[in-house]
Amino acid sequence: MRVLISGGGIAGPAAAFWLHRAGAEVTIVETAPGPRPGGHAVDVRGIARTVVERMGLLETIKDNRVDERGIAIVDRDNRRRGVMMADAFSGEGIVAEIEIARGDLGRILHDATAAYTDYRFGDRIVGIEQDADGAGVTFRSGGRERFDLVIGADGVHSGVRALAFGPEKEFVRYLGGYGAYFTVPDPGDTDHLFYMYNAPGGLVAGLRPERGGTAKASLSFSVAEPAYERISRADAERALTERLTGAGWRVDEFLAAMPSADDFFFDSVNQVRVETWHRGRVVLLGDAAACGSPLAGLGTSVALVGAYVLAGELAAAGGDCERGLAAFQRVLGPYAKASMELPPGGFRSFAPRSRFMIWLRMKSWGMMGRWPMSAIMRKMMNRAEAIALPDYSRLSMPVRG
């Protein structure tokens, strides 16, 4: 089977790993000129740890994780109003036991698959024509090739989904705000904690420790309707500066450092819901198919587990793509659905607008370890185990490559 994957981030290389085990010939096309460095910290939690252990990558991932030992909510004077350590809820709290920079996880997966995967950076899919036996794909670079299966692992704003399923507005739901993150110098006083700060008007700032003397700053703001879609970096920086200047804590420091960051990212906060993940010889994986948003917090784990299940069910189907893809959604669907559940209050809870609601949020953080808040938290965190992971014998076989 010849398989083309759009997206070289997390889901794409993970799928390449397992599809190679299943005997497929895999090509990955990625718009970036190479593996994307940097990125915010992502977690590998719950059953996803079992998947990376089966890949033989668990210890490598642990060796590259950030030293983030918990999360603290602070006031404008940097006083901690609530702390949750990483070992809370058996290592499945808001900050998980395994937190790793997205770029580092992507590099590990790329390096694990580079020997047998045809990576094509700086290109993308611009056309897909399907028939009963496969799909003809046209690339931006001008080439045209035929594949047995096309996988859209290209994120919330998936180009493959737009080509094969329909316009983005049918599948992407705006949740009420925008967020940015970028690298700043490590101030050296975070005690290895992820700091979060709220200011009136639905403003949020954060600071996460990294490796190598840097930290990741995040800035978010709420707005009722989407108003900053697909804008330039200059316009995004302008919007953040206009809305967050003078918000308190370290926000003005972050704004001052923002223009010099080489990894600036800005986007709306969205959910992705696609009822059926496959159409003919095209299937969606990861955030392109089901994304709960950063507020839900299981996107990386769903991508890793999904890649394993997709390859396993295709192998079990013996080359019958239709049967394998249907089984993929049947097995993964309940887990992906559970991952979509937002914390109570959604974006409004994350970015409260009034001083009273900010005060209430701080008070609730102090009660995270006590009932009833502990019961709510445990229910949210148990989603990471909400699948009985199959053991696909075909994927356990050693292969050359």
Side-chain angles (χ1 to χ4, degrees), residues 40-41 43 45 66-97 99 175-181 184-210 215-222 240 243-255 257 269 293-297 342-381:
H40 58 85
D43 50 54
R45 62 172 73 228
V66 297
D67 190 6
E68 187 173 306
R69 302 174 189 177
I71 182 170
I73 189 165
V74 297
D75 62 19
R76 64 182 301 118
D77 297 317
N78 206 41
R79 293 175 298 191
R80 299 177 191 172
R81 297 298 189 175
V83 178
M84 181 184 296
M85 302 307 291
D87 59 1
F89 299 97
S90 303
E92 298 292 349
I94 295 175
V95 168
E97 181 185 2
E99 298 271 348
L175 293 183
Y178 288 81
Y181 62 81
V184 297
D186 187 344
D189 61 354
T190 63
D191 294 330
H192 307 285
L193 296 175
F194 172 20
Y195 279 18
M196 285 192 65
Y197 166 71
N198 291 100
L203 309 180
V204 188
L207 184 67
R208 307 188 77 152
E210 291 190 311
K216 195 71 69 184
S218 60
L219 297 171
S220 303
F221 61 85
S222 63
L240 289 163
R243 287 181 168 269
L244 284 119
T245 295
W249 189 49
R250 287 175 157 149
V251 172
D252 287 350
E253 296 175 27
F254 298 162
L255 292 171
V269 180
S293 84
L295 302 179
L342 297 175
F347 196 85
R348 286 180 177 271
S349 177
F350 169 72
R353 300 191 63 86
S354 70
R355 293 186 185 278
F356 172 73
M357 293 305 295
I358 292 172
W359 174 84
L360 198 61
R361 185 175 194 232
M362 289 181 178
K363 291 290 287 185
S364 70
W365 270 75
M367 301 171 60
M368 287 291 184
R370 301 197 297 271
W371 189 90
M373 292 300 298
S374 61
I376 296 172
M377 284 295 302
R378 198 167 295 282
K379 178 184 176 183
M380 290 292 297
M381 300 313 163

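Each residue takes its place number in the sequence, starting with 1.
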Taken in chain and number order and not counting sequence neighbours, the residues that satisfy side chain to side chain donor-acceptor pair (under 3.5 Å) with D189 are R250
Smallest heavy-atom separation, P352 atom then N198 atom, equals CD-ND2, 3.5 Å
With sequence neighbours left out, the residues meeting salt bridge (Lys or Arg N to Asp or Glu O under 4.0 Å) with R243 are none
Sequence neighbours excluded, the answer for side-chain contact (heavy atoms from CB on, under 4.5 Å) partners of M196 is I71, F194, V204, F350, R361
Check whether any side-chain heavy atom of L342 sits under 4.5 Å from a side-chain heavy atom of S293, and report yes or no.
-> yes
Looking only at heavy atoms, the pair that brings G206 and F254 closest together is O-CE1, 3.6 Å
In terms of heavy-atom contacts, V184 and A257 come closest through CG1-CB, 3.9 Å
Residues passing the side chain to side chain donor-acceptor pair (under 3.5 Å) test with S218, sequence neighbours excluded, are none
Sequence neighbours excluded, the answer for side chain to side chain donor-acceptor pair (under 3.5 Å) partners of D186 is none
Nearest heavy-atom contact between P200 and I358 is N-CD1, 3.4 Å
Rounding to 0.5 Å, atoms NE2 (H40) and CZ (R208) come to a distance of 8.5 Å
Applied to residues 345-360, the salt bridge (Lys or Arg N to Asp or Glu O under 4.0 Å) test, sequence neighbours excluded, yields none
Those residues at least two apart in sequence (or on a different chain) that pass ring-ring contact (aromatic ring centres under 6.0 Å, His included) with Y178 are Y174, F221, Y228, F266
Sorted by chain and residue number, the ring-ring contact (aromatic ring centres under 6.0 Å, His included) partners of Y195 (sequence neighbours excluded) come out as none
**Prompt:** Are P187 and L207 close enough that some pair of their side-chain heavy atoms sits under 4.5 Å apart?
**Reply:** yes
Whether Y181 side chain and A41 backbone form a donor-acceptor pair below 3.5 Å | no
Next on the checklist: Do K216 and V66 have side chains that approach each other closer than 4.5 Å (heavy atoms only, starting at C-beta)?
Outcome noted: no
Taken in chain and number order and not counting sequence neighbours, the residues that satisfy side-chain contact (heavy atoms from CB on, under 4.5 Å) with S349 are none
Judged by atom type as modelled, is there a donor-acceptor pair below 3.5 Å linking the side chain of D252 to the main-chain atoms of T245?
no
Nearest heavy-atom contact between V83 and A72 is CG2-CB, 3.9 Å
Taken in chain and number order and not counting sequence neighbours, the residues that satisfy side chain to side chain donor-acceptor pair (under 3.5 Å) with D75 are R79, R81
Minimal heavy-atom distance between L203 and A247, with the atoms involved, is CD1-CB, 4.0 Å
